[in-house]
Amino acid sequence: AALSFVGTTLAARVFLGADWGISALIGALLIATGPTVITPILAVVPVRDRVAAALETEGIVNDVTAAILAVVIFKLLTAQEVAPTEYLVEFIQRLSIGVFFGLLTAGVLWFLFVRSELSTGWTPQNARLMTLSGAILAFSLADTIASESGVAAVATAGIVLGNVDLPYEETIEEFKGDVTIIVLSFVFIALAALIEFSTLLSLGIGGLLVVAAVALLVRPLLVFVSSTGGRFTRNEKLFMSFVGPRGIIPASVATLFAIEL
């Protein structure tokens, strides 16, 4: 995440000529690699478990990192005379709020599913509804306190609950897949409709150079540095270097910033 942030920020600064604030905002947004895009790719491309785990984990963790860091940078850039330490404090606060509510939600759902006497009466429909309600509640509670911390809350709850034995786990995952397809189909179409091609074309060669720098220089560099050691082969590192699609988090948050700006 750190290498992606620094590398993309420098690329935006050099090739687009943007000021440091906007460049940092772009760098923060493009940390995310989009698990909702990576997971379907890995479903059809056979890779070793360790490679799939690394790419999916990176997507989940960096989605959270990108959303929170981008909001922190955007908020503090609009303030006057902000000390550099304020960025770190804001980031940790929002992340901590999200993790707290995520753990709290996961604990409540686990108790209801496993320990509660009502668990004997669970049906697949009830389990799916309760899980979806828990995700919405975790996001709402955290995001009410601090913007974008809701993403961290849902991710934390999902990671925790996904690694414990729950009743009807398979049917919950199938339901999650259906909901994801419906929601993403709508959101991606809505966001695409907001794109102004004149603005896109105005980026010119500089915009293409940023894309090339991020995909062909920054991404391979951060993968090889982050995977130092004997766990991954050279070919696996090369494969991961070219699997870095951006998903719904940078697209939606960037749209929000565009409106605010």
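Just the heavy atoms: all of them, side chains too, but no hydrogens, waters or symmetry mates, feed the values below. All of these numbers come straight from a predicted model, not from anything done at the bench.
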Practice task
To the nearest 0.5 angstrom, please state how far the CZ atom of Phe175 sits from the CG atom of Leu129.
Solution key: 7.5 Å
Exercise for the section: Indicate if Leu103 and Val151 have the same hydrophobic cluster label, given that clusters are the connected sets of ILVMFWY residues with side-chain heavy-atom separations under 4.5 angstrom. Expected result: yes
Completion exercise
Rounded to the nearest 0.5 Å, the CG atom of Leu194 sits from the CD1 atom of Ile189 at a distance of 12.5 Å
Handout entry: Glu56 vs Arg50, salt bridge (charged side-chain N to carboxylate O under 4.0 Å, His left out): CA-CA, chis, key distance, verdict
Key = CA-CA 10 Å; Glu56 289 181 333; Arg50 62 175 179 264; over 6 Å; no
Practice task
Compute whether any side-chain donor of one residue and acceptor of the other, for Arg128 and Thr171, lie under 3.5 angstrom apart.
Solution key: yes
Practice task
Inspect the surroundings of CG in Asp165 and state if more than 12 heavy atoms from other residues, nucleotides or ligands are less than 6.0 Å away.
Solution key: no
Exercise for the section: Would you sort out whether Tyr168 and Asn126 count as a side chain to side chain contact (heavy atoms under 4.5 Å, CB included), showing the intermediate values? Expected result: CA-CA 10 Å; Tyr168 309 112; Asn126 290 337; over 6 Å; no
Practice task
Determine whether Val164 and Phe113 make a side-chain contact, defined as any pair of heavy atoms from C-beta on separated by less than 4.5 Å.
Solution key: no
Handout entry: Reported CG-to-CG distance for the pair Leu141 and Leu104, which is rounded to 0.5 angstrom
Key = 8.0 Å
Exercise for the section: Please say which of Leu55, Ile60, Val61 ends up in a side chain to side chain contact (heavy atoms under 4.5 Å, CB included) with Thr57. Expected result: Val61
Handout entry: Residue Ile205 excluded, over 12 heavy atoms near CD1 under 6.0 Å
Key = no
Handout entry: Straight-line distance of Thr8 OG1 to Arg219 CZ, nearest 0.5 Å
Key = 10.5 Å
Exercise for the section: Identify whether Val183 and Val253 are in the same connected component of the hydrophobic contact network (ILVMFWY, side-chain heavy atoms under 4.5 Å). Expected result: yes
Exercise for the section: Would you name the heavy atoms of Ile68 and Leu95 that are closest together and state the gap between them? Expected result: CD1-CA, 3.8 Å
Exercise for the section: Answer yes or no: is there a donor N or O on one side and an acceptor on the other, between the side chain of Asn62 and the main chain of Thr65, under 3.5 Å? Expected result: no
Problem - Exercise: identify the closest heavy-atom pair between Thr9 and Phe5 - result: OG1-O, 2.6 Å
Fill in the blank from the handout: Residues Gly150 and Asp143: closest non-hydrogen pair is N-OD1, 3.4 Å
Handout entry: Flag, side chain of Arg94 to backbone of Val72, donor-acceptor distance under 3.5 Å
Key = no
Problem - Exam field: side chain Thr228 to backbone Phe224, donor-acceptor pair closer than 3.5 Å - result: yes
Problem - Note, Thr105 side chain near Leu137 side chain (heavy atom, < 4.5 Å) - result: no
Completion exercise
Ser149 and Ala142 have their tightest heavy-atom pair at OG-O, 2.7 Å
Practice task
For atom CG of Asp49, decide whether the heavy atoms of other residues, nucleotides or ligands shown that lie under 6.0 angstrom number more than 12.
Solution key: no
Practice task
Assess whether side chain to side chain contact (heavy atoms under 4.5 Å, CB included) is satisfied between Phe100 and Thr156, documenting all intermediate values.
Solution key: CA-CA 9 Å; Phe100 170 76; Thr156 300; over 6 Å; no
Exercise for the section: Tell me whether Leu10 is reachable from Leu216 by hopping between hydrophobic residues (I, L, V, M, F, W, Y) whose side-chain heavy atoms are closer than 4.5 Å. Expected result: no
Practice task
Determine, using the 4.5 Å side-chain heavy-atom cutoff (strictly less than), whether Leu222 and Val225 are members of one ILVMFWY cluster.
Solution key: yes
Practice task
Drop me the distance from Phe197's CZ to Ser202's OG, to the nearest 0.5 angstrom.
Solution key: 13.0 Å
Completion exercise
Minimal heavy-atom distance between Asp63 and Gly34, with the atoms involved, is OD1-N, 3.6 Å
Exercise for the section: Side-chain contact test, heavy atoms from C-beta onward, threshold under 4.5 Å: evaluate it for Ser140 versus Ile136 and give yes or no. Expected result: yes
Problem - Minimum-distance pair of heavy atoms, taken over all atoms of Ala152 and Val99 - result: CB-N, 4.5 Å
Problem - side chain to side chain contact (heavy atoms under 4.5 Å, CB included) partner of Val214, the single match among Leu217, Val210, Val211 - result: Val210
Practice task
I would like to know whether Leu29 and Phe257 meet side chain to side chain contact (heavy atoms under 4.5 Å, CB included); could you show each step before the answer?
Solution key: CA-CA 10 Å; Leu29 282 170; Phe257 290 159; 4.1 Å; yes
Practice task
Find out whether Val160 and Trp110 are in side-chain contact, i.e. whether some heavy atom of one side chain is under 4.5 Å from a heavy atom of the other.
Solution key: no
Handout entry: Spacing of Phe232 atom CZ and Ser226 atom OG [to the nearest 0.5 Å]
Key = 10.0 Å
Practice task
Evaluate the side-chain proximity of Leu161 to Leu166: yes if any heavy-atom separation is below 4.5 Å, no if none is.
Solution key: yes
Practice task
Would you mind reporting whether Leu200 and Glu196 have side-chain heavy atoms less than 4.5 Å apart?
Solution key: no
Practice task
In plain terms, say whether Arg48 and Glu236 are close enough for a salt bridge, that is, a side-chain N and a carboxylate O under 4.0 Å apart.
Solution key: yes
Handout entry: Same apolar cluster: Ile248 and Val37, side chain cutoff 4.5 Å
Key = no
